[in-house]
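Below, chain A is the first sequence line, B the second, and so on; all start at residue 1.
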Amino acid sequence: MSISNKIYLEEASELLEKMEADIVSLEVCMDSRDVVQEIFRNMHTLKGNSSMFGLVNIVEFVHALETIYESVLNDKLEINSSILSISLTAIDHVKLMIEDPELSDANLKVNNEKLSLALTNILKEKSTSSEPVLDQVKKTYYVSFTPGRELLHNGTNPFFLLLELKNLGNSIIIPHQEEQDDLDKIDFTSCYASWEIIISTDKSINDIRDVFVFVEDESDIIIKKISDYNLVKIPKFYKTIKSEVKALTAQTIDIKWLKKITKDIIEQQGKLSTDNDNQKQHVVTDKSNQQEEATNVVSPFSTSTPAVHNDISSTKKNKKMISSVRVASDKLDNLLNIVSELVTTQASLSLFSENHYYAELETISENVEKLSRQLRDVAFGMTLIPIKGIIGRFRRMIFDTSKSLGKDVKFEVIGDDTELDKSIIEQITDPLMHIMRNSLDHGLELPEDRAKAGKPQAGTITFKSYYSGANVHIEISDDGRGLNKEAIQNKAIQKGIIDENVSLSDSEIYELIFSPGFSTAQKVTDVSGRGVGLDVVGKNISALRGDVKVKSVEGKGTTITIILPLTLSVIDGLLVKIENDFFVIPLSVIEKCNEIKYEKLLDTFNNTIIIDGEQIPFINLRDEFTRYASNPPEYAAMVIIKNEEFSLAICIDEIIGEYQAVLKPVGKHYQNQEFVSGATILGDGTIALVLDTNKLLEIKAKINQQMVI
Amino acid sequence: MSNTETLTDHQRSYLTFTLNSELFALDVRQVIEILEVTKITSVPKAPGYMKGVINLRGKVLPLIDTRVKFELSPIEFTENTCIVVMEVVIDDENLQVGALVDSVQEVIEAKDSMLQPSPSIDASYPLEFIKGVLNVNEVFIMVLEITQVFSPEEFQAVKKSKNEGMAINPDTE
């Protein structure tokens with residue numbers, strides 16, 4: 001795929017996503033003119049882009065869609081839910097078309113025809129229902145398009161532009177060619193052709209300019225309105241142009257002459273039309289003549305063509321001002337890798353300057369440290385994107401799903417500007433989607449049941465995100481029927497997920513819904529309950545070093561909270577040592593550190609020790625990792641880690657200190673490795689492994705179960 | 001060297017190395033560099049042939065003890081011991097991995113036609129690891145199937161079954 005194609009695809013899908021979000025938001029407030037304007041603008045850009053690449057099918061289809069929104073903007077049509085739902089279907093269709101612009105798939109082709117028809121029908125309904133309006137009369141413009149010599153070099157095909165122009169209305173296109181005597185001097189990669197177009201269209205002059213938006217910098221483009229009347233449709237005008245203007249020469253139309261014949265023809269036509277047309281039409285003709293006069297009066301100020309051209313391009317340039325830059329994500333990843341390496345190198349510089357005391361070196365090293373920290377913050381900040389970007393998809397999903405389920409749903413979003421690492425956002429979208437789908441399907445009741453329970457008919461799903469320390473919390477709550485504790489427990493026992501005799505806390509029971517093979521839905525609907533379910537969600541979230549919490553009140557609703565780290569690549573950790581190997585324990589899970597005589601560990605009951613009057617199970621990593629090469633120290637260090645329910649002491653040889661670790665993957669070769677979630681490189685180049693505390697806590701959970709049995 | 005070679009008979013370069021004083025070869029296109037042994041950090045609870053990880057200029061590189069992979073005794077470090085860094089492609093992803101070998105020898109050139117199927121009778125090594133045997137001046141060099149030997153275990157299982165199906169072809173020819 002060529003680079004420009006890639007850019008097109010990227011932009012197109014971004015535009016479609018924006019449109020989708022906007023259309024869904026129209027559902028809430030149908031008369032928002034700004035939103036319609038935005039939708040229209042995006043559709044227009046998409047159409048323009050597509051026509052640059054000659055994707056005729058997409059152009060035609062989007063054009064039909066765009067026309068609907070244009071009519072809305074012109075107050076000829078009102079947004080209603082049928083327009084919105086067909087627009088969404090249409091957008092889904094365009095998404096498919098982008099993948100297959102030639103419509104080689106037969107299904108796609110059939111769909112294309114059906115949808116195009118449906119779109120035009122909407123417009124037809126409109127035109128029969130509303131009165132024919134005056135401004136629908138097509139106006140006629142003169143367009144002169146002289147491409148720069150180099151136009152062909154960047155792959156622009158002027159024919160696509162002409163085609164797009166032609167689609168705007170009725171047109172006469174007159175090609176011209178620069179006269180060249182010496183064939184040898186012709187550079188066959190240059191463009192010697194130019195075109196004059198007389199077009200009658202109901203579009204504005206800006207729409208015509210938009211056709212040339214990508215080439216206006218390198219081409220001479222003159223656009224002038226010559227009449228308020230559809231001249232091209234008048235046979236006499238057409239004939240005159242065809243006979244008087246010589247195609248394929250360098251001789252262009254004299255605008256004064258054009259205006260003169262226009263005036264003559266309109267006057268004649270005006271007289272003719274009085275016979276069979278009504279009074280109204282006559283007024284139009286008169287009016288157009290007056291306006292014609294007006295343009296004539298103004299024209300002396302803008303007769304010099306370059307001035308007109310400059311005018312157009314300067315307004316265009318203002319429009320193009322941008323405040324953000326699109327960067328390929330692999331470039332960003334690359335930057336982050338380099339920054340990570342810089343941080344590592346800086347750590348070794350600091351180490352060196354600590355060990356060798358030179359006053360100057362120390363200053364330099366401190367400066368480098370400061371700079372690299374700033375650089376790191378900036379670079380990592382760039383990968384943080386607001387969660388807003390995925391909300392549109394959720395809205396869409398809720399819109400669609402609630403329709404198909406026959407439920408009335410309000411979707412509330414709080415804190416959509418919370419920022420998260422882009423890779424986390426990518427990986428969290430599907431799990432969130434799944435949770436919401438579940439809330440919609442199983443959580444919220446049908447309107448009549450809600451009425452019986454004394455709740456408002458429309459259910460509410462709330463999406464809330466906020467920062468909490470180094471974590472981001474995402475809360476998804478519904479005001480539905482809530483989770484049935486007993487049903488979950490019975491199901492879990494029935495499926496053999498938990499033992500009958502185990503007593504669990506409320507939250508432990510609720511979290512069972514994330515265990516593999518668990519689904520309480522009585523029947524499988526097409527919305528959720530396909531068997532693979534929340535367990536995948538649970539797995540995905542823990543893979544991101546995240547955590548899920550469930551709160552529920554029966555009859556009142558359920559809240560699922562997902563706690564995620566801000567970024568995947570840097571963690572604050574505690575550097576510890578076992579024999580000669582270094583390990584990092586994430587600081588976020590550490591509760592406290594302690595020291596204990598090593599021999600105390602040897603004769604304990606059930607591998608628990610008492611620290612500060614509390615009985616805590618422990619794992620001796622020397623045993624766990626079979627490190628017996630050297631004798632254990634007299635005093636072992638205990639690091640106590642904790643999640644919501646468990647505490648666990650990890651016994652290591654020595655605590656080195658706090659360490660900011662740049663996380664690196666240990667690679668696919670260690671994928672099944674249970675204790676290590678990554679590695680980091682210390683200042684002296686040694687590798688320290690990062691312990692997977694979730695795994696360690698799971699082991700503890702197993703110890704716990706053994707103790708109960 | 002002429003351009004008249006047929007399309008199928010490419011001239012290829014191979015890097016040769018020793019394991020247990022036998023000669024093996026790797027297609028050089030997949031070899032990135034050769035390193036001296038540096039500090040190896042072992043990863044607890046990993047399979048025996050995974051020797052650990054090393055710091056390759058800021059990257060964490062997994063290290064395979066090729067001897068253990070070939071069911072030989074674990075590697076003993078001498079001054080000849082080397083790490084061959086190579087790239088394997090798995091699921092369209094390039095994975096870098098280091099392989100510990102007893103010593104690295106030289107780069108040789110051989111045509112595809114010189115590559116003979118491995119003698120299945122003398123199966124002293126896991127057969128799926130060997131792509132074929134090169135006979136260079138009466139010395140037999142075993143050419144390794146890099147993806148087979150140096151991929152993470154779960155990806156090999158898939159490849160293995162595919163190869164069994166394909167192994168019939170060379171015999172019938």
Side-chain angles (χ1 to χ4, degrees), chain A residues 334 336-348 577-584 619-629 650 652 661-692 695-696 699, chain B residues 30 32 35-66 68-69 74 77 83-100 146-159:
Chain A
N334 210 355
L336 288 183
N337 281 339
I338 294 170
V339 170
S340 303
E341 277 182 41
L342 181 73
V343 170
T344 315
T345 317
Q346 175 267 315
S348 47
K577 205 172 172 186
I578 301 167
E579 287 195 325
N580 289 320
D581 288 336
F582 293 96
F583 292 89
V584 174
I619 289 179
N620 187 349
L621 286 188
R622 266 180 177 256
D623 288 342
E624 206 60 56
F625 297 166
T626 53
R627 297 291 164 90
Y628 302 117
I650 301 171
I652 36 118
V662 178
L663 262 191
K664 313 221 169 201
V666 278
K668 279 225 163 91
H669 285 89
Y670 290 108
Q671 212 172 26
N672 295 332
Q673 215 292 329
E674 287 202 319
F675 291 88
V676 172
S677 62
T680 185
I681 293 170
L682 303 179
D684 62 352
T686 317
I687 293 178
L689 299 172
V690 179
L691 290 178
D692 188 340
K695 276 279 150 53
L696 290 169
I699 294 170
Chain B
Q30 275 166 286
I32 294 168
L35 303 172
E36 283 182 15
V37 176
T38 62
K39 192 178 171 188
I40 300 170
T41 308
S42 71
V43 177
K45 300 231 161 179
Y49 62 87
M50 293 308 300
K51 191 73 186 172
V53 287
I54 59 163
N55 170 8
L56 175 65
R57 292 183 299 273
K59 248 187 263 166
V60 176
L61 184 81
L63 209 56
I64 290 175
D65 186 340
T66 322
V68 177
K69 194 85 192 182
F77 294 104
I83 297 170
V84 181
V85 184
M86 60 193 111
E87 202 164 55
V88 287
V89 182
I90 289 140
D91 287 347
D92 296 326
E93 199 185 331
N94 289 337
L95 287 187
Q96 284 196 5
V97 59
L100 278 165
I146 295 187
T147 356
Q148 282 300 327
V149 190
F150 302 111
S151 298
E153 201 113 83
E154 58 269 31
F155 295 98
Q156 284 171 16
V158 184
K159 295 265 166 62

(Q) Is Lys45(B) close to chain A through its backbone or its side chain, or both, or neither, when contacts mean heavy atoms under 4.5 Å? (A) both
Q.
If the condition is ring pair (Phe, Tyr, Trp, His ring centres under 6.0 Å), which residues does Phe625(A) pass it with, not counting sequence neighbours?
A. Phe583(A), Phe675(A)
**Q.** Part of Ile64(B) lying under 4.5 Å from any heavy atom of chain A
**A.** side chain
Q) Which bit of Ile687(A) is near chain B, if near means a heavy-atom gap under 4.5 Å: side chain, backbone, both or neither? A) both
Q. Got Phe582(A) and Thr686(A) here, is their nearest side-chain heavy-atom distance under 4.5 Å?
A. yes
Q: Taking the side chain as every heavy atom from C-beta outward, state whether Lys59(B) and Leu61(B) have any atom pair closer than 4.5 Å.
A: no
Q: Check whether more than 12 heavy atoms from other residues, nucleotides or ligands sit under 6.0 Å from atom CG of Asn580(A), and answer yes or no.
A: no
Q | Part of Ser42(B) lying under 4.5 Å from any heavy atom of chain A | A | both
Q: Could you tell me which non-hydrogen atom of Val88(B) sits nearest to which non-hydrogen atom of Thr147(B), and how far apart they are?
A: CG1-CA, 4.3 Å
Q.
With a 4.5 angstrom heavy-atom cut-off, is it the side chain or the backbone of Leu63(B) that approaches chain A, or both, or neither?
A. backbone
